[in-house]
Structures are given as structure tokens and as C-alpha cells.
Amino acid sequence: MNIITYPEPVLRQKAKPLTEINKKVYEKVEEMMALMYRASGIGLAAPQVGWSVRLFIIDVTGGKYEDKVFINPTTVGEEGELNKEEGCLSLPGITGKVIRAQKIRGHAYNLKGQKIEIEVEDLAARAWQHEMDHLNGTLFIDKVSPATRLALSHQLKEFERSYRDKSVKVSV
Ligand code: ZN
């Protein structure tokens, strides 16, 4: 398992609900945790490791969440607005300001299959919204201002070029 980077197509897919929590899920989540910590990230969504299911992990400092694994999450409420810099492990080296709700309320299931309720603010709320976007095939670069998008266009093209080079198949 490794972290998939832009513009791999799986990052643009709408992920499917997870229907069963089994040994395989535990193992994958453990691997995701290790990858996230190694990359010094605060969140990682399953599609970012090529696993197109509705699951993400978040670990922000300060113990904002009791759980770190969120399965089949839904956002039920949003409040306020904050325009802050963010980045993504699938877009290494790129950051941009994104307007997000300051506070969110949501539901999800934890790894034990229990339904959990979430009410978080600021960084924890931003991470939730960012990871939720991943489950719907949306990346933060879709949400930056047109000026930021333009400023990032060169770097994005570099990602696209190296993806193309990597995916060329040689047949003789
Ligand atoms: Zn991301």
C-alpha cells in the first residue's frame, strides 16, 4: 500500500459505502495509519491508497476526536466560514487557501461498527470536510480561488506529466 498522488483516476471516483468491517478492513486501516503518520499527515481517505470505499482516518492534535477511523460518514450540519491554507498527501508540496465551514456536525461508524456523532471545529472540522471530499472524488485544488488555481497550474501540470510518463506502456 502506498499513497496515491494526483492525477490518478481513483482519486476522482465516488467511493462506495463499506458494507462489512472484517479482518481485511482492520489490516488496511492499520496500514493507512502507518502511512499517514510516516507522511506527517493529519488525515487520509481510503481512495488515497487506491481503496475506493467510504472510510477515512483523522488524527489532529489535542484529542478532538475520540475515534480516528470514520466509516460511511455523513455531514449533517455546518456553521461559520474560515478561509485557510490546506494541503493534501496526494498533492505533495502544494498548498492553497480553501473556504470551509468552521464547525461541522456529522455521523459515522467507528471500527467497532458503532454509530458515532461528531461535533468539531476549526482544524478538526477542516480535516473532516477535506476527507469527506476525497470520498466524493473532490480535491482541495477544485475549491481554491481561480487566482490560486492559476498559480498552482504549473505544479499541477508537472504532476500530470510525470503520471503520463509513468503510465506509458511499452509493447514490442
Ligand atoms: Zn487530501
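Computed over heavy atoms, backbone and side chain alike; hydrogens, waters and symmetry mates excluded. Atoms within each ligand, like the ligands themselves, are counted from 1 in listed order.
Excluding waters, the count of protein N/O/S atoms less than 2.8 Å from the Zn ion (ligand 1) comes to 3.
Distance alone, capped at 3.5 Å, places no donor-acceptor pair between the Asp133 side chain and the His130 backbone. The backbone N or O of Ala125 lies less than 3.5 Å from no partner atom in the side chain of Arg100, so there is not a single donor-acceptor pair. Looking only at distances, a side-chain donor or acceptor of Ser90 sits under 3.5 Å from a matching main-chain atom of Ile4. A donor-acceptor contact shorter than 3.5 Å links the side chain of Arg12 to the backbone of Gly137.
Taking a 6.0 Å sphere around CZ of Phe159, one finds it holds more than 12 heavy atoms contributed by other residues, nucleotides or ligands.
A side-chain donor-acceptor contact under 3.5 Å links Asn136 and Arg54.
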